Enquirer: 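First the structure, which I've put down as C-alpha cells, then a few questions once you've had a look.
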Amino acid sequence: MKPSTPLVVAVICLLSTAAYPSSVPVFSCFELTITAKAFSGNPFDPSQNDIQMVVTDPKGQTISIPAFYDGDNTWRVRFTPQKPGIYRYRILARGNIELEGTPTAGSFRAVASKNRGFVRINPSLRTRFAFSTGEPFFPVGHNVAWPSRWQSQFVDYDAFFAKMGAAGENWARVWMAAWGGLNIEWTPGRLGSYNLEAARYLDRILALAEKHGIFIQLVIQHHGQFSTRVNPNWNENPMNEALGGFLSKPGEFFTNARAKELFKRKARYIVARWGYSTHIFAWELFNEVQYTDHPGWDAVAQWHSEMASYIRSIDPYKHLITTSSPDPSSPVWESMDFFQEHFYNDDPAIAASGDPNPSRFTKPYFVGEWGATNGAGPTENGAEFLRRGLWSGIMTGASAAPMFWDWDYIHRHDFYKQIGVTAKIVNAAGLPGRGDLRQTKPQVNCKDLGPLVVAPQQDWGAVQRFEFRITPDNDGPLPGLPSFIHGRFHRDMMPKPITLHLKCSNPTAVRIAIARWARAGAVVKLSLDGSETTRLELPPAEADVHRRTELTVNVPAGEHSLEIDNAGDDWYVLSTITIEKYAPKLRAKGLVAKDLAVLWVRNSAPETGDVSGTVAISGLENSRFALWKFNTSDGTSARLGTVTAKNGSAEVPIRSLASDEVYVLRKART
C-alpha cells in the first residue's frame with residue numbers, strides 16, 4: 001500500500017453555507033457533500049485518499065467522522081448528533097486529493113427531538129434491548145434478506161417495509177448478498193473498490209426502513225461466499241485465485257492478512273456510509289458461519305473478535321454486533337453483543353423456541369431464523385403455524401420474538417397482520433421492559449387428551465444419551481435426543497438404538513417424522529418392546545434428499561419401549577415424534593414475576609373441538625390481579641375481572657378454547 005501523506009486542510013464545495021441546514025434534530029443525520037477537482041489512486045482506500053470531518057460537540061469533545069466516496073469526484077460525510085447544542089466541524093483530507101473551493105469549516109445546532117436514538121443493550125436489564133433514551137425495545141418482525149422473485153412481478157423493499165410498518169413490525173434482517181443487489185465488493189479484479197449502485201440501493205432501503213419504523217439487522221457476509229459445500233458461491237468470489245484473487249481455499253479468509261485488511265476496509269466504508277442511522281439495529285458479521293469451509297473454531301472465534309474490536313473502534317455510534325449461528329457454547333459468541341440461533345422444524349413450536357432456556361444467557365438471545373423444514377411454512381393453516389411459532393418463542397423469555405425466515409411466504413399469504421398482532425400484544429403485556437420475567441410451567445387441569453410433540457435437541461455429533469422417558473409434561477425439544485440417526489458409516493457415533501419409554505393411559509399412535517436423509521441412503525427401523533414393527537428403505541440419490549416422510553407405530557395402553565434405529569449405511573434426520581392422546585389437550589406456557597404474569601394457552605387438537613379447563617401459575621405475590629385476555633388472531637382484548645393469588649399461585653379459567661389465547665395478570669391497584 002502507498003504510505004499515508006501528511007494531513008492537509010480540505011474544502012467543502014458549497015455554493016453558499018445556506019446549502020446546509022443550520023439545525024438538525026438530535027438523532028437525525030447531518031450530511032455534507034465534498035467535491036474534488038482531481039484525485040489519483042483508489043478513492044475507496046483511505047491510505048491513498050482520505051477525508052474526515054472533525055466534529056467538536058457541545059462539551060468540547062472531538063470526534064473524527066470518515067467521509068465515503070460516492071462517485072463523480074464526490075465524497076459525503078454523515079454525522080448524527082446525540083445531544084442538543086452547537087456542533088462545530090472542520091474538514092481534513094490526506095492523500096492525492098485536490099479539492100475545489102476555499103478551505104472552510106462550519107457549525108450547526110442540534111435541537112431536542114422525540115427521536116429515541118440508537119438501539120443498545122439495556123444497561124439495567126442486560127438481556128434486553130433499549131434505545132439511547134432508555135425506552136425498551138423488543139424486536140418483532142421477520143427476515144427480508146433480498147427482494148422477492150417468487151412471482152413474475154418483482155417485489156421490492158418499498159412494498160415489504162410499507163406492509164411491515166403498517167402492521168406494527170419493527171425489525172428486519174437484510175443481507176448484503178450479490179443476488180439481492182447489495183454486495184458492494186463482488187466483482188473479479190476489483191477487490192477494494194465498491195459497487196456504488198449496490199451502495200445507493202442500500203441507501204434507499206435504509207431510508208424506507210426509517211420511514212416505516214423498521215430496524216435493520218444488516219448481514220455483511222453469508223456462508224456461501226466462503227463455502228464449497230453449503231449454498232456455495234466460492235466459484236464466484238473475487239478472492240478466489242481462480243478468478244484472479246489470492247486465496248486458494250475459502251477457509252483462508254479467516255487467517256490471511258490481506259483478506260482481513262480488505263474486510264476492515266469494507267467495514268470502514270459500511271460504517272462511514274450507514275453508521276449514522278439509528279435504524280441500523282446491528283451489524284451481523286456472518287450468516288451461518290458454521291457452514292463455511294472454515295479451518296476450525298479457534299480461527300473463526302479469533303476472526304470475529306478481531307473484526308468486532310475493529311468495528312467498535314471506528315463506529316462512533318456503537319451499534320450492536322452479532323453473527324450467526326454457531327452453537328451457543330462456541331467461543332465465537334464471546335466477542336458478540338447478543339446471541340442468535342437458527343432452527344427449522346415442521347413443528348413450529350420447536351422451530352421457533354430455539355434454546356428452551358434462554359435465561360441461562362447473560363446477553364440478549366433470540367431466534368434469528370425459523371421455519372418448517374421446507375424453509376417456509378405449510379400450504380394450509382399457515383397463520384396458525386406462524387402464530388404458534390411466534391408465541392412459543394416469546395414464551396421462552398427470549399429477548400425478541402422469533403424471526404420467521406421466508407418473507408415471500410409472508411407476502412404471498414399476507415401474514416403481516418399476524419406478526420403485527422403479536423407485536424401489539426407484546427407491548428400491551430409490557431414485555432419489552434420486563435427482563436425479570438422468568439419462564440415457568442403452569443399447572444393445567446383438563447380432562448381431555450391431545451397429542452404430545454417432542455423433537456431432537458442435539459445436532460450432528462456422537463450420541464451421548466440413548467434412553468428417554470416421555471411424560472405428558474414433555475413439550476418441545478428433548479435434551480440429548482439426537483436429530484441425526486446414524487447408520488453403519490458412523491456406528492461409532494451411535495452404537496445402539498434410541499429408546500423411548502412410554503406410559504400410555506389408552507391405546508395411541510406414535511408418528512415418527514423424517515426430515516431428510518443422506519445421499520448414500522439409510523433404513524429406518526422401528527421396534528416396539530423388542531419386536532420390529534416398521535422398516536423403511538430411504539434410497540440412495542445423487543444428493544442428500546430433503547423430503548418429509550412419516551411412519552406410524554400403533555401402541556397399546558400400558559408401559560412400552562419404542563426403539564428408533566438405522567439399519568442402513570448413512571444417516572437420516574429425525575424431525576418430530578408425535579404421540580396421540582398422550583398429554584392434556586389444553587397446553588400452556590408462562591412467564592412470571594411477582595407483579596405480572598403472561599400465559600399463552602392453546603388447544604393442541606383444534607380439529608377435535610374446543611377445550612376447557614384451568615391453568616394455575618405460580619410465582620406471584622399474594623394479591624389481587626387484573627386479568628386480561630387477548631385474541632392472538634386479531635389482537636382484540638377483554639378485561640375479565642380479577643383473580644387472587646394465594647400461596648403465590650393464581651388460577652385462570654379457560655372456557656371453550658378453539659385455538660390459542662394470551663392471558664395477562666397484572667397486579668391490581670389498591
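Not measured: the values here are computed from a predicted model.
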Enquirer: Could you pull out all residues at least two apart from Val545 that satisfy side-chain contact (heavy atoms from CB on, under 4.5 Å)?
Expert: Trp517, Ala541, Arg547

Enquirer: State, without any angle test, whether Asp408 and Ser148 hold a side-chain donor-acceptor pair at a distance under 3.5 Å.
Expert: yes

Enquirer: Tell me whether the count of non-hydrogen atoms from other residues, nucleotides or ligands lying under 6.0 Å of CZ in Arg519 goes above 12.
Expert: no

Enquirer: Within this structure, what is the CD-CG distance for the pair Gln458 and Asp327, rounded to the nearest 0.5 Å?
Expert: 10.0 Å

Enquirer: One thing to verify: whether Glu621 and Lys667 come together as a salt bridge, which I'm taking to mean a side-chain N less than 4.0 angstrom from a carboxylate O.
Expert: yes

Enquirer: Leu665 and Val643: which non-hydrogen atoms are nearest, and at how many Å?
Expert: CD2-CG2, 3.6 Å

Enquirer: For the residue pair Glu288 and His222, confirm or rule out a side-chain donor-acceptor distance under 3.5 Å.
Expert: no

Enquirer: Do Thr422 and Ile394 pass the side chain to side chain contact (heavy atoms under 4.5 Å, CB included) test, and can you show the C-alpha distance, the side-chain angles, and the key distance before you say yes or no?
Expert: CA-CA 10 Å; Thr422 302; Ile394 290 169; 3.5 Å; yes

Enquirer: Ile350 vs Phe343, test: side chain to side chain contact (heavy atoms under 4.5 Å, CB included). Steps then yes/no.
Expert: CA-CA 8 Å; Ile350 291 165; Phe343 287 93; over 6 Å; no

Enquirer: Locate the shortest heavy-atom distance separating Leu591 from Thr396; write the atom from each residue and the value.
Expert: CD2-C, 4.2 Å

Enquirer: Could you tell me whether Trp460 and His486 have their ring centroids closer than 6.0 angstrom?
Expert: yes

Enquirer: Between Tyr416 and His411 (judged by ring centroids, cut-off 6.0 Å), do the two rings come close enough to count as a pair?
Expert: yes

Enquirer: Does a side chain donor of either Asp660 or Trp391 reach within less than 3.5 Å of an acceptor in the other side chain?
Expert: no

Enquirer: According to salt bridge (Lys or Arg N to Asp or Glu O under 4.0 Å), does anything in residues 625-640 pair up with another residue at least two apart or in another chain? List the pairs.
Expert: Lys629-Glu661

Enquirer: For Glu542, look at atom CD and say whether over 12 heavy atoms of other residues, nucleotides or ligands are found less than 6.0 Å away.
Expert: no

Enquirer: Would you sort out whether Ile425 and Asn427 count as a side chain to side chain contact (heavy atoms under 4.5 Å, CB included), showing the intermediate values?
Expert: CA-CA 5 Å; Ile425 298 173; Asn427 290 324; over 6 Å; no

Enquirer: Return the minimal non-hydrogen interatomic distance between Ser604 and Arg587, and the atom names on each side.
Expert: CB-CG, 3.9 Å

Enquirer: Hey, are Thr576 and Arg511 close enough side-chain-wise for a donor-acceptor pair under 3.5 Å?
Expert: no

Enquirer: Between Asn143 and Ala145, is there a donor-acceptor pair closer than 3.5 Å when you use the side chain of the first and the backbone of the second?
Expert: no

Enquirer: Any heavy-atom pair between the side chains of Thr534 and Thr552 that's under 4.5 Å?
Expert: no

Enquirer: Tyr365 vs Phe339 aromatic rings, parallel, tilted or perpendicular, using cut-offs 30° and 60°?
Expert: tilted

Enquirer: Checking side chain to side chain donor-acceptor pair (under 3.5 Å) against His501, which of Glu559, His560, Arg469, Glu467 comes through?
Expert: Glu467

Enquirer: For a 4.5 angstrom cut-off between non-hydrogen side-chain atoms, does Val453 reach Ile577?
Expert: no

Enquirer: Does Ile419 reach the side chain of Ile410, with side-chain heavy atoms less than 4.5 Å apart?
Expert: yes

Enquirer: Assess whether a salt bridge exists between Arg535 and Asp565, defined as any Lys/Arg side-chain N lying under 4.0 Å from an Asp/Glu carboxylate O.
Expert: no

Enquirer: Distance-only, no hydrogens or angles: does the Asn603 side chain make a donor-acceptor pair with backbone N or O of Leu657 under 3.5 Å?
Expert: yes

Enquirer: Which pairs count as salt bridge (Lys or Arg N to Asp or Glu O under 4.0 Å) when at least one residue sits in residues 413-428, sequence neighbours excluded?
Expert: Lys163-Asp414

Enquirer: Taking the side chain as C-beta and beyond, is there a heavy-atom pair between Arg516 and Asp544 under 4.5 Å?
Expert: no

Enquirer: Between Phe129 and Pro364, what is the shortest heavy-atom contact and its length?
Expert: CZ-CB, 3.4 Å

Enquirer: Is any side-chain heavy atom of Phe630 closer than 4.5 Å to one of Thr632?
Expert: no

Enquirer: Report the residues that fulfil side-chain contact (heavy atoms from CB on, under 4.5 Å) with Glu537, sequence neighbours left out, ordered by chain and then residue number.
Expert: Val523

Enquirer: Taking OH in Tyr291 as the centre, count heavy atoms belonging to other residues, nucleotides or ligands within less than 6.0 Å. Is the count above 12?
Expert: no

Enquirer: Got more than 12 heavy atoms from elsewhere within 6.0 Å of CG, Asp492?
Expert: yes

Enquirer: Evaluate the ring planes of Phe385 and Trp370, with Trp represented by its six-membered ring, and classify them as parallel (under 30°), tilted (30 to 60°) or perpendicular (over 60°).
Expert: parallel

Enquirer: Measuring from Leu502:CG to Ser561:OG, what's the distance to the nearest 0.5 Å?
Expert: 7.5 Å

Enquirer: Might you work through the side chain to side chain contact (heavy atoms under 4.5 Å, CB included) test for Asn566 and Tyr572, ending with a clear yes or no?
Expert: CA-CA 8 Å; Asn566 184 348; Tyr572 64 84; 3.6 Å; yes

Enquirer: Taking the side chain as every heavy atom from C-beta outward, state whether Leu562 and Val553 have any atom pair closer than 4.5 Å.
Expert: yes

Enquirer: When rounded to the nearest 0.5 angstrom, what distance separates OG in Ser575 from OH in Tyr344?
Expert: 14.0 Å

Enquirer: Taking side-chain contact (heavy atoms from CB on, under 4.5 Å) as the test, write out the residues that go with Thr322, two or more places apart.
Expert: Gln217, Glu284, Trp333, Phe338, Gln340

Enquirer: I'd like to know if Asp347 pairs up with Arg388 as an ion pair, taking the criterion as any Lys NZ or Arg NE/NH1/NH2 lying under 4.0 Å from an Asp or Glu carboxylate oxygen.
Expert: yes

Enquirer: Any chance the side chains of Lys585 and Thr608 put a donor and an acceptor closer than 3.5 Å?
Expert: yes

Enquirer: So, Tyr409 side chain and Pro378 main chain: donor-acceptor pair closer than 3.5 Å or not?
Expert: yes

Enquirer: Quick check against the 3.5 Å criterion: does Lys525 have a side-chain atom that pairs as donor or acceptor with the backbone of Pro497?
Expert: no

Enquirer: For Ser483 and Leu574, indicate whether the former's side chain and the latter's backbone hold a donor-acceptor pair under 3.5 Å.
Expert: no

Enquirer: Checking Arg548 now: which residues fulfil salt bridge (charged side-chain N to carboxylate O under 4.0 Å, His left out) with it, not counting sequence neighbours?
Expert: Asp346, Glu550

Enquirer: Taking the side chain from Asn622 and the backbone from Gly648, do they hold a donor-acceptor pair closer than 3.5 Å?
Expert: yes

Enquirer: Of all the heavy-atom pairs spanning Asp475 and Lys589, show the shortest one and how long it is.
Expert: OD2-NZ, 3.9 Å

Enquirer: What orientation do Trp407 and Trp405 show, parallel under 30°, tilted 30 to 60°, or perpendicular over 60°?
Expert: perpendicular

Enquirer: With no hydrogens and no angle check, is any side-chain donor or acceptor of Arg488 less than 3.5 Å from a backbone partner on Ala567?
Expert: yes

Enquirer: Is Ser649 reaching over with its side chain to a backbone N or O of Lys646, donor-acceptor style, under 3.5 angstrom?
Expert: no

Enquirer: Could you state the interatomic distance from CD (Glu334) to NZ (Lys363), rounded to the nearest 0.5 Å?
Expert: 7.5 Å

Enquirer: Tell me whether Asp293 is salt-bridged to Arg229, with the criterion being a basic N under 4.0 Å from an acidic carboxylate O.
Expert: yes

Enquirer: Please check if the side chain of Ser324 supplies one atom and the backbone of Phe286 the other of a donor-acceptor pair under 3.5 Å.
Expert: yes

Enquirer: Provide the closest heavy-atom pair for Ser656 versus Ser612 in the form atom of the first, atom of the second, distance.
Expert: N-OG, 2.8 Å

Enquirer: Mind checking whether Val598 and Tyr663 have side chains closer than 4.5 Å, heavy atoms only?
Expert: no

Enquirer: With no hydrogens and no angle check, is any side-chain donor or acceptor of His413 less than 3.5 Å from a backbone partner on Phe415?
Expert: no

